Amino acid sequence: MALHPVLGKLVSKRVVLASASPRRQEILTNVGLRFEVVPSWFKETLEKSSFAAPYEYAVETAKQKALEVANRMHVKHLRTPDVVIGADTIVSVDEQILEKPVDKQDAYRMLSRLNGKEHSVFTGVAIIHCHCKDNQLEMEITDFYEETKVKFSELSEELLWEYIHSGEPMDKAGGYGIQALGGMLVEYVHGDFLNVVGFPLNHFCKKLAELYYPPPKHNVQHKKYDSIPSVDTFENLSDGESESSNFTEHKVASKLDSSGMDSSGAVYTSGKSSAIRTGLTSASKLPSKILELIDGFRASKALFVASKLKIFDHLKDKGPVKAVDIANDVGTSVCGTERLLDACASLGLLEKTPQGYSNTDSANTFLTSDGKYSLHGYIIHSNDHLWPLFTNLESAVKEGSRQNHRAFGKKADDLFKDYYHSPEVKQRFMAAMHSIAHLTARDVATAFDLSRFKSACDLGGCTGALAHELVQVYPNLKVTVFDLPEVIANISYFQPSGQHTAPVTFVSGDFFKDNLPEADLYILSRVLHDWPDEKIHVLLSKISAVCRPGLNVEKIV
Ligand SMILES: O=c1[nH]cc([C@@H]2O[C@H](COP(=O)(O)OP(=O)(O)OP(=O)(O)O)[C@@H](O)[C@H]2O)c(=O)[nH]1
């Protein structure tokens, strides 16, 4: 099993881990997987006696956890993930299933049961591949389980209680953590250690390999190409068997040639010929992740330019439109427009038929400039502001300083003032912050349990997009948005309609200079990354000074 290509299959996908377990997050992060964490709200209350074997219970619970997240993201968050991973770990001893202890007595009951004996640890895993077709969520579920045998030494009552008082057992299946103090209780482990910790990584990789590299069917007639075949991804090049894979790979910028906009499949040609030239074997396949990184900027820029030209607005609520008509309306060259439209179609942003180009569902939802979930403002900000800054990344690294002077001919502070002096720049900046905050607000609000807080202050909370979501999710929370007077003066355009009673208050001020409003919880969302260390120190010190002892501070950065 070649590990890298297996995990590489998930690189271009929106992968979601439906688990709050820090151990699972760590295991998957350690192997370089990039994923979003959306803890499942599924309550682990399935009737244990209805399962013939303990592992069936773990697998079903894992599946329900993942299904809950896939459905919630699709329906409530309007963001369909590509892959959702759920897991559930249980301990089985004497035909009994042990989960996480509810209190110290329960932990004692569990550990006494395990004392001096061998038991099994089962982790059930569900991998759900999601597709959105006509706004319907379609899912393909793969599940499996792994068993590991663990034997405890004979342990004294005193030691058991000392262990329980350490607090470690409380969030662990069977009441122990083999990776920490609990390791001292264990005489032997037969099987996958990480399975005990919460995630059977080895089996997971094998499962991915089975899914993405199914064994070649020898009686299948392989196509012989007379001409260059149309390919969607680099993976098609590197994986002999991927033709027969059940899973559609994400489209990447593979149809852009060196000029950035040709859909002739030139990348395929050069990739293939170089593979032949250098004699790459199946063991040293093309480095698709690296190639995607090299070409990724072209895809971003194609999206930015199409957004800037308002092509998605132009196609909204229309049937297919020919390139020449779009070019005429937008005022661009026909040949350039056609190439840009082809690039957008190969990136999955537009649909192309012989009748012309039309928006995909997600372009209608996220890329038009006036939709409820429009990302237009953020895209324009990324193009006009972030792109020039990132062009100077090399100088930033060499000099260790911000590059606003190079990108825009002004220092960062002056530029920030400019945001608020030019109405147009201010509006663009606020639209950018609003669009990304609005879209992600529900996920941010539900990623933490904030129900214990009565009041919150969103520092630099701009239009209040996150604040409005927080008060929806936590009806007892009162949120104050604290931002510069120039921002607060212009928030009305962005306020949700029909929520007059929602407890969101806006207060003007400069968080570096003025007193901060009192609150139990201070939120710093998309704020700290913007400032040098000295200023961050000033801000965090001010927050620390106003926090009252005994109240928790949660940081959403
Ligand atoms: O040796 C160890 N054994 C078990 C663990 C941790 O125990 C929990 C198991 O609980 P569960 O599978 O229900 O997962 P949760 O933590 O509740 O998160 P979900 O959101 O996925 O339900 C798990 O965290 C293991 O990592 C351990 O750490 N060591």
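Read the numbers this way: they start at 1 and go in the same order the structure lists the ligands and their atoms. Model, not experiment: these values are computed from the prediction. Excluded from the calculations below are hydrogen atoms, water molecules and symmetry mates; all remaining heavy atoms, backbone and side chain alike, are included.
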Fill in the blank from the handout: Looking only at protein heavy atoms, what sits closest to atom 20 (O) of ligand 1 is A20 N, 2.7 Å

Handout entry: Aromatic ring pairing W161/Y108, orientation class (parallel under 30°, perpendicular over 60°, tilted between)
Key = parallel

Practice task
For the residue pair F199 and F204, categorise the inter-ring angle as parallel (less than 30°), tilted (30 to 60°) or perpendicular (more than 60°).
Solution key: perpendicular

Problem - Between T480 and T505: side-chain donor-acceptor atoms closer than 3.5 Å - result: no

Handout entry: H438 and Y378 aromatic centres sub-6.0 Å
Key = no

Exercise for the section: Identify the protein heavy atom lying closest to atom 3 (N) of ligand 1, giving its residue, its atom name and the separation to 0.1 Å. Expected result: V196 O, 2.9 Å

Practice task
State the atoms of ligand 1, each with its element, that fall below the 4.0 Å cut-off from a heavy-atom position in Q179.
Solution key: 1 (O), 2 (C), 27 (C), 28 (O), 29 (N)

Exercise for the section: Tell me, please, whether Y213 has K9 positioned over its six-membered ring: NZ or CZ under 6.0 Å from the ring centre and within 45 degrees of its axis? Expected result: yes

Problem - E56 (side chain) donor-acceptor with F51 (main chain) under 3.5 angstrom - result: no

Fill in the blank from the handout: Filtering T89, T123, V197 for the heavy atom nearest atom 25 (C) of ligand 1 leaves V197

Practice task
Identify, by atom number and element, the atoms of ligand 1 in contact range of I178, meaning under 4.0 Å from any of its heavy atoms.
Solution key: 1 (O), 2 (C), 29 (N)

Exercise for the section: Kindly confirm or rule out an N or O of S40 lying under 3.5 angstrom from an N or O of ligand 1. Expected result: no

Exercise for the section: Would you mind listing which atoms of ligand 1 come within a distance below 4.0 Å of any non-hydrogen atom of G177? Expected result: 1 (O), 2 (C), 29 (N)

Problem - F390 ring center near F297 ring center (under 6.0 Å) - result: no

Completion exercise
Check: of R23, K100, R24, min heavy-atom distance to atom 14 (O) of ligand 1 comes from R24

Exercise for the section: Ignoring hydrogens and angles, tell me if any N or O in the side chain of D88 forms a donor-acceptor pair with the backbone of G124 under 3.5 Å. Expected result: no

Fill in the blank from the handout: Under 4.0 Å from one or more heavy atoms of D171, ligand 1 contributes atoms 6 (C), 7 (O), 8 (C)

Fill in the blank from the handout: For E44, the ligand 1 atoms with a heavy-atom partner under 4.0 Å come out as 13 (O), 17 (O), 22 (O)

Practice task
Return yes when atom NE2 of H165 has more than 12 non-hydrogen atoms of other residues, nucleotides or ligands closer than 6.0 Å, and no otherwise.
Solution key: yes

Fill in the blank from the handout: Atoms of ligand 1 under 4.0 Å from any heavy atom of A173, numbered from 1 in the order shown, are 4 (C), 7 (O), 8 (C), 9 (C)

Fill in the blank from the handout: Heavy-atom proximity to atom 21 (O) of ligand 1, picking from S19, S21, G175, A66, points to S19

Completion exercise
Restricting to heavy atoms, the pick from K65, K172, E99 nearest atom 22 (O) of ligand 1 would be K65

